[in-house]
Visitor: 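I'd like to ask some things about the structure below.
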Amino acid sequence: MIVLGLDASSDSAAVGIVKDGVLLCEQTIHNGKNHSLTLLPAVETLLGEVGLSFENIDVYACGIGPGSFTGVRIGAATLKGFAQAWDKPVVALSSLQILAENIRDFDGLRVSAIHARTDELFCAAYDADGNEVMAPQVMTIAEFLEALKGKNCKIVGNGAAVFAGEMEEVLGKDSLAHAGWTHIIRGGAVAELGYQFASGGKTISCAELAPSYLRVSQAEREYQEKQHN
């Protein structure tokens, strides 16, 4: 089984390809360009590198958020186009769970924390076996620290950089993953996790694929505020 995975929910566009559980290639692009300009060329480049074409892909996996509203939409729309064109099943993955794969060897609580806005985080937690312990949600930094206080945890994501001081003070310096790459969503992690899900029969149709924003966008918030004034 060959799985192509992609994620565009963060500042980076990530693509990876896995065949029978083995990572063939991956690419993470962090050049400041809009993902609509980088994602498709990255997919085409990787397919060419390993001598595959779209019809060779058995399953498409996608990070559905939370994260950048625009990026999540671009990733989901791109993947839907691939899956629909070639009539292939899809695996929908939380971008937070993909991020936690970067520290899969940690035997404690693996926590993903993506900066949402101001003092808020998109966050989730997984045990050493990858089981969801804390569902994806929005928390203030105060709520986040209270929920994890006293727990053996390791935190990844750009939220760990934004709130490093607060996290280290309450949870300890060892609570943060310090390798820079662990805070970035990797294309290989998307494809590998997608392969695991697909092997367990956890696929959907492209029509069922839907972004997971966790909260409304700023434009929607401003519109709602105007309606109430």
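These values consider heavy atoms only, across backbone and side chains, with no hydrogens, waters or symmetry-generated copies.
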Visitor: Working to the nearest 0.5 angstrom, can you tell me the gap between Leu148 CG and Cys123 SG?
Guide: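 Interatomic distance, Leu148 CG to Cys123 SG, rounded to 0.5 Å: 7.5 Å.
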
Visitor: Measure the shortest side-chain to side-chain distance between Val91 and Lys202 over non-hydrogen atoms and say whether it is less than 4.5 angstrom.
Guide: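 In short, these two side chains do not touch, never coming nearer than 4.5 Å.
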
Visitor: With sequence neighbours left out, what residues match Ser199 under side chain to side chain donor-acceptor pair (under 3.5 Å)?
Guide: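 Ser199 satisfies side chain to side chain donor-acceptor pair (under 3.5 Å) with no residue once adjacent residues are dropped.
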
Visitor: Does Phe197 belong to the same Ile/Leu/Val/Met/Phe/Trp/Tyr cluster as Ile17, with side-chain heavy atoms less than 4.5 Å apart forming each link?
Guide: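 Different hydrophobic clusters.
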
Visitor: Starting at CD1 of Ile98, measure out to OG of Ser112 and round the result to the nearest 0.5 Å.
Guide: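 Between atom CD1 of Ile98 and atom OG of Ser112 there are 9.5 Å.
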
Visitor: Checking Ser205 now: which residues fulfil side chain to side chain donor-acceptor pair (under 3.5 Å) with it, not counting sequence neighbours?
Guide: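 Counting only residues at least two positions away or on another chain, Ser205 forms a side chain to side chain donor-acceptor pair (under 3.5 Å) with Glu208.
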
Visitor: Hey, mind stepping through Val43 and Leu4 against side-chain contact (heavy atoms from CB on, under 4.5 Å) and telling me if it holds?
Guide: CA-CA 9 Å; Val43 170; Leu4 187 150; 3.8 Å; yes

Visitor: So Val111 and Val156, do their side chains get closer than 4.5 Å, heavy atoms only?
Guide: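 The answer is no; the side chains never approach within 4.5 Å.
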
Visitor: Keeping to residues at least two apart or across chains, list the side chain to side chain donor-acceptor pair (under 3.5 Å) pairs with something in residues 18-27.
Guide: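 As it turns out, the side chain to side chain donor-acceptor pair (under 3.5 Å) pairs with a partner in residues 18-27, which skip direct neighbours, are Glu26-Arg186.
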
Visitor: Can you pull out every side chain to side chain donor-acceptor pair (under 3.5 Å) where at least one residue sits in residues 147-176? Sequence neighbours excluded, please.
Guide: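 Residue pairs passing side chain to side chain donor-acceptor pair (under 3.5 Å), neighbours aside: Glu146-Lys149.
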
Visitor: Quick check: is Leu23 connected to Leu99 through a chain of hydrophobic side chains (ILVMFWY, heavy atoms under 4.5 Å apart)?
Guide: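 Same hydrophobic cluster.
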
Visitor: What's the spacing between Asp11 CG and Ile29 CD1 if we round to 0.5 Å?
Guide: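 That separation rounds to 13.5 Å.
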
Visitor: Check whether any side-chain heavy atom of Ile2 sits under 4.5 Å from a side-chain heavy atom of Val18, and report yes or no.
Guide: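 Answer no - side chains too far apart.
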
Visitor: Quick one: closest heavy-atom pair of Ala191 and Gly5, and the distance?
Guide: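 Here Ala191 and Gly5 meet closest at CB-N, 4.0 Å.
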
Visitor: For Asn56, give me all partners under side chain to side chain donor-acceptor pair (under 3.5 Å), at least two apart in sequence or on another chain.
Guide: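 Here the qualifying residues are Ser53.
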
Visitor: Name all residues meeting the side chain to side chain contact (heavy atoms under 4.5 Å, CB included) criterion together with Ser9; count only those two or more places apart in sequence or in a different chain, and write none if there are none.
Guide: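 In terms of side chain to side chain contact (heavy atoms under 4.5 Å, CB included), with neighbours along the sequence ignored, Ser9 is linked to Asp7, Val72, Ser95, Ile185.
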
Visitor: How far apart are the closest heavy atoms of Val50 and Cys25, and which atoms are they?
Guide: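 Minimum heavy-atom contact is CG1-SG, 3.7 Å.
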
Visitor: Under the rule for side chain to side chain contact (heavy atoms under 4.5 Å, CB included), what residues qualify as partners of Ala160, not counting sequence neighbours?
Guide: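 Ala160: side chain to side chain contact (heavy atoms under 4.5 Å, CB included) contacts with Ile155, Met167, Leu176, His183.
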
Visitor: So, for Cys206 and Ala83, which heavy atoms are closest and what is the spacing to 0.1 Å?
Guide: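 Closest approach of Cys206 to Ala83: CB-CB, 3.7 Å.
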
Visitor: Taking all non-hydrogen atoms of both residues, which atom of Ala13 and which atom of Thr38 are closest, and how far apart?
Guide: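 Minimum heavy-atom contact is CB-OG1, 3.8 Å.
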
Visitor: Using side-chain contact (heavy atoms from CB on, under 4.5 Å), reason through Lys88 and Val59 one step at a time and then give a plain yes or no.
Guide: CA-CA 6 Å; Lys88 298 295 183 178; Val59 178; over 6 Å; no

Visitor: Hey, could you give me the OG1/CD1 distance between Thr118 and Ile141, rounded to the nearest 0.5 Å?
Guide: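 Answer rounded to 0.5 Å: 12.5 Å.
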
Visitor: Please list all pairs passing the side chain to side chain donor-acceptor pair (under 3.5 Å) test where one or both residues lie in residues 125-142, with sequence neighbours left out.
Guide: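 For residues 125-142: Asp127-Asn131, Thr140-Glu143.
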
Visitor: Tell me the closest heavy-atom pair linking Val190 and Gly63, and the distance in Å.
Guide: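 The answer is CG1-N, 4.4 Å.
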
Visitor: Using a 4.5 Å cut-off on heavy atoms from C-beta on, say whether the side chain of Leu47 contacts that of Ile57.
Guide: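 They are in contact (side-chain heavy atoms under 4.5 Å apart), so the answer is yes.
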
Visitor: Could you tell me which non-hydrogen atom of Gly130 sits nearest to which non-hydrogen atom of Gln97, and how far apart they are?
Guide: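 Nearest pair, atom of Gly130 first, then Gln97: O-NE2, 3.5 Å.
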
Visitor: I want to know whether Phe163 and His115 have ring centres closer than 6.0 Å.
Guide: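 Yes: the rings meet the under 6.0 Å criterion.
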
Visitor: List the steps, then state whether side-chain contact (heavy atoms from CB on, under 4.5 Å) holds for Leu39 with Leu6.
Guide: CA-CA 8 Å; Leu39 200 55; Leu6 62 84; 4.0 Å; yes

Visitor: Determine, stepwise, if the pair Leu93 / Ile64 fulfils side-chain contact (heavy atoms from CB on, under 4.5 Å).
Guide: CA-CA 6 Å; Leu93 301 167; Ile64 58 170; 6.0 Å; no

Visitor: With a 4.5 Å heavy-atom cut-off, do Arg73 and Tyr213 have their side chains touching?
Guide: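 Yes, close enough: below the 4.5 Å cut-off.
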
Visitor: For Phe82, enumerate each residue passing the ring-ring contact (aromatic ring centres under 6.0 Å, His included) test, keeping only those at least two apart in sequence or located in another chain.
Guide: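 Partners of Phe82 by the ring-ring contact (aromatic ring centres under 6.0 Å, His included) criterion, ordered by chain and then number, come out as Phe54, Tyr60.
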
Visitor: Nearest 0.5 Å, what's the CG-CD1 distance between Leu96 and Ile114?
Guide: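 So the gap between those two atoms works out to 4.5 Å.
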
Visitor: Answer yes if Leu171 and Val162 sit in the same cluster of Ile, Leu, Val, Met, Phe, Trp and Tyr residues linked by side chain heavy atoms under 4.5 Å apart, and no otherwise.
Guide: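 Both belong to a single hydrophobic cluster.
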
Visitor: Do Phe122 and Met134 land in one hydrophobic cluster if side-chain heavy atoms of ILVMFWY residues count as linked below 4.5 Å?
Guide: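 No, separate clusters.
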
Visitor: Considering residues at least two apart in sequence or located in another chain, which fulfil the side chain to side chain contact (heavy atoms under 4.5 Å, CB included) criterion with Thr28?
Guide: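 Result, side chain to side chain contact (heavy atoms under 4.5 Å, CB included) vs Thr28: Ser12, Ala14, Ile184.
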
Visitor: Applying side chain to side chain contact (heavy atoms under 4.5 Å, CB included), can you list everything that pairs with Glu101, at least two apart in sequence or on another chain?
Guide: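 For Glu101, the residues satisfying side chain to side chain contact (heavy atoms under 4.5 Å, CB included) (neighbours in sequence not counted) are Arg104, Arg110, Ala189, Leu193, Gln196.
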
Visitor: I need the full list of salt bridge (charged side-chain N to carboxylate O under 4.0 Å, His left out) pairs touching residues 41-69, with sequence neighbours left out, sorted by first then second residue.
Guide: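 Residue pairs passing salt bridge (charged side-chain N to carboxylate O under 4.0 Å, His left out), neighbours aside: none found.
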
Visitor: Are Val90 and Trp86 connected in the hydrophobic side-chain network, where two residues link if heavy atoms are under 4.5 Å apart?
Guide: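 Both belong to a single hydrophobic cluster.
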
